[in-house]
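Structure first, then comments.
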Amino acid sequence: MKNPRLLPLWLFPIDSPLKKISPAEEKIANLLPPIRAYQYRLARGYARFALSKFLKINALDIPLDALPGKAPKLGNNLGYISFSHCKDALLIGWSAAKIGVDLERSDRKLAASQLANRLFTKEELQRLEQLTASKLNSKVLENWVLKEAVIKWQRGQISKDCIHWNINQESRIASHEKLNYKVNVFIKHYQSWLIGIAYSDSVHKDEIIIYSN
């Protein structure tokens, strides 16, 4: 097992040439609509490719269980993995402890007030009250990316859990108001993207390593 305090992230362009996936994954991909099939092949192929380099294991021997719509899992005590993609990039994150990652373009425009009023907690809304309109979109987007990441960490559902996760970027802690979960969160501005990370272990931000093409 690699350094348990290390948290590597991999970014690949969405139009990258596809990598090999397992025969079982090919069977699943062949049952999906074309766009979903491409996204499925891209994520599984590059997860295998990245982890094969990082863990020194043949790509097709990585014990990856990643069914469509389900949180990906690694067998053989090889740690935890999480995927995310936006319109132009794929993000893969690995950790020795439980992890969730999310990726968005930093220039994405939201109906910020409507989204926040519908899916943010009272504490989160209070932290947004003093912001100017020009800063509201970016702060809501950061919060949203972190919410997506913590829900992936939780293996929860956006519709069910989003309103219960309270994100505090100053303390870098997210807490679930009903389930009493607490998890570390970190937002990373990287080139044209926002990367949200939720992780169980204490990882310093300078131990987050981004590999990109």
Side-chain angles (χ1 to χ4, degrees), residues 4-12 14 39 43 46-47 50 66 69-74 79-108 110 112 115-116 118-121 123-124 127-128 137-212:
R5 291 176 62 80
L6 192 67
L7 203 162
L9 305 170
W10 294 267
L11 264 173
F12 301 100
I14 207 75
Q39 293 171 344
Y46 276 94
K70 302 291 184 182
K73 298 177 182 178
L74 286 173
Y80 296 80
I81 190 170
S82 184
F83 309 152
S84 183
H85 62 82
C86 62
K87 67 179 183 179
D88 61 353
L90 165 71
L91 175 68
I92 296 165
W94 177 91
S95 176
K98 202 171 172 183
I99 184 177
V101 300
D102 192 62
L103 179 72
E104 287 287 358
R105 291 277 309 180
S106 56
D107 59 359
R108 181 180 174 184
L110 301 170
L115 178 67
R118 186 163 55 91
L119 293 175
F120 285 14
T121 66
E123 285 185 40
E124 290 170 324
R127 286 193 282 270
L128 297 174
N137 187 88
S138 61
K139 186 56 68 173
V140 169
L141 182 59
E142 287 181 358
N143 222 64
W144 176 249
V145 167
L146 289 173
K147 277 185 181 275
E148 292 249 29
V150 296
I151 289 171
K152 289 179 181 178
W153 173 91
Q154 177 197 353
R155 311 299 192 254
Q157 299 175 15
I158 290 287
S159 59
K160 180 181 177 182
D161 294 290
C162 193
I163 191 63
H164 300 300
W165 274 108
N166 182 58
I167 309 293
N168 190 323
Q169 288 193 44
E170 290 185 6
S171 67
R172 291 174 52 187
I173 295 292
S175 53
H176 195 293
E177 297 177 331
K178 275 195 167 183
L179 300 177
N180 294 321
Y181 290 154
K182 284 195 175 181
V183 60
N184 302 290
V185 292
F186 183 67
I187 192 80
K188 176 75 174 177
H189 291 255
Y190 182 76
Q191 296 183 9
S192 302
W193 300 282
L194 278 177
I195 297 173
I197 311 162
Y199 48 92
S200 296
D201 251 2
S202 177
V203 177
H204 295 303
K205 64 181 179 181
D206 56 358
E207 293 177 287
I208 296 172
I209 300 175
I210 298 177
Y211 303 92
S212 63

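In this chain, residues are counted from 1 in sequence order.
- A side-chain N or O of Ser212 and one of Tyr190 form a donor-acceptor pair less than 3.5 Å apart.
- Between Leu74 atom CG and Trp94 atom CH2 the span is 9.0 Å, to the nearest 0.5 Å.
- Exactly one of Arg108, Lys147, Lys152 qualifies for a salt bridge (charged side-chain N to carboxylate O under 4.0 Å, His left out) with Asp102. That residue is Lys152.
- The distance from atom CD of Glu104 to atom CG of Leu91, rounded to the nearest 0.5 Å, is 11.0 Å.
- The CG atom of Leu90 sits 7.0 Å away from atom CZ of Phe12, with the distance rounded to the nearest 0.5 Å.
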**OP:** Show your reasoning for whether side chain to side chain contact (heavy atoms under 4.5 Å, CB included) applies to Gln191 and Ile210.
**Re:** CA-CA 11 Å; Gln191 296 183 9; Ile210 298 177; over 6 Å; no
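- In this structure, the side chains of Leu115 and Val140 come closer than 4.5 Å at one or more pairs of heavy atoms.
- In the model, Glu124 has no side-chain atom that pairs as donor or acceptor with a side-chain atom of Trp165 under 3.5 Å.
- Within the 4.5 Å cutoff, side-chain heavy atoms of Ile208 are placed close to those of Phe186.
- Partners of Gln169 according to the side-chain contact (heavy atoms from CB on, under 4.5 Å) rule, which considers only residues two or more places apart in sequence or in another chain, are Lys139, Glu142, Asn143, Leu146, Ile167, Ile187.
- Residues satisfying the side-chain contact (heavy atoms from CB on, under 4.5 Å) test with Ser171, not counting sequence neighbours, are Asn168, Ile173.
- Taking every heavy atom of both residues into account, Ala149 and Gly196 meet most closely at CB-O, 3.6 Å.
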**OP:** For Tyr199 and Tyr80, run side chain to side chain contact (heavy atoms under 4.5 Å, CB included): C-alpha distance rounded to whole Å, both residues' side-chain angles, the deciding distance at 0.1 Å, then the answer.
**Re:** CA-CA 10 Å; Tyr199 48 92; Tyr80 296 80; over 6 Å; no
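- Scored by the ring-ring contact (aromatic ring centres under 6.0 Å, His included) test, Trp193 finds no partners at all (sequence neighbours excluded).
- Legend: residues meeting ring-ring contact (aromatic ring centres under 6.0 Å, His included) with His164, ordered by chain and number and at least two apart, are His176.
- Atom CD of Gln157 is separated from atom SG of Cys162 by 12.0 Å, given to the nearest 0.5 angstrom.
- One N or O on the side chain of Ser84 and one on the backbone of Leu103 form a donor-acceptor pair closer than 3.5 Å.
- Contact check for Ser175 versus Tyr181: no side-chain heavy atoms found under the 4.5 Å cut-off.
- Heavy-atom minimum distance, Val183 versus Ser200: CG2-N, 4.5 Å.
- Scanning all heavy atoms of the two residues, the minimum distance from Ile81 to Ala47 falls at CD1-CB, 3.8 Å.
- Annotation: salt bridge (charged side-chain N to carboxylate O under 4.0 Å, His left out) contacts involving residues 85-101, sequence neighbours excluded, comprise Asp88-Arg105.
- Closest heavy-atom contact between Phe83 and Ala66: CE1-CB, 4.1 Å.
- To the nearest 0.5 Å, the span separating CG on Leu7 from CD1 on Ile209 amounts to 9.0 Å.
- Considering only residues two or more places apart in sequence or on other chains, Lys73 meets the side-chain contact (heavy atoms from CB on, under 4.5 Å) condition with Asp65.
- Considering all non-hydrogen atoms of both residues, Ile158 and Trp144 come closest at CG2-CH2, 4.1 Å.
- The residue from Ile195, Leu194, Val145 that alone fulfils the side chain to side chain contact (heavy atoms under 4.5 Å, CB included) condition with Ser106 is Leu194.
- Note that CD of Glu177 and CG of Leu179 are 10.5 Å apart. Values are rounded to the nearest 0.5 Å.
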**OP:** Take Leu9 and Ile197 through the test side chain to side chain contact (heavy atoms under 4.5 Å, CB included) and record every step on the way to the result.
**Re:** CA-CA 10 Å; Leu9 305 170; Ile197 311 162; 3.8 Å; yes
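- Asn137 places no side-chain N or O within 3.5 Å of a backbone atom of Ala112 that could act as its donor or acceptor partner.
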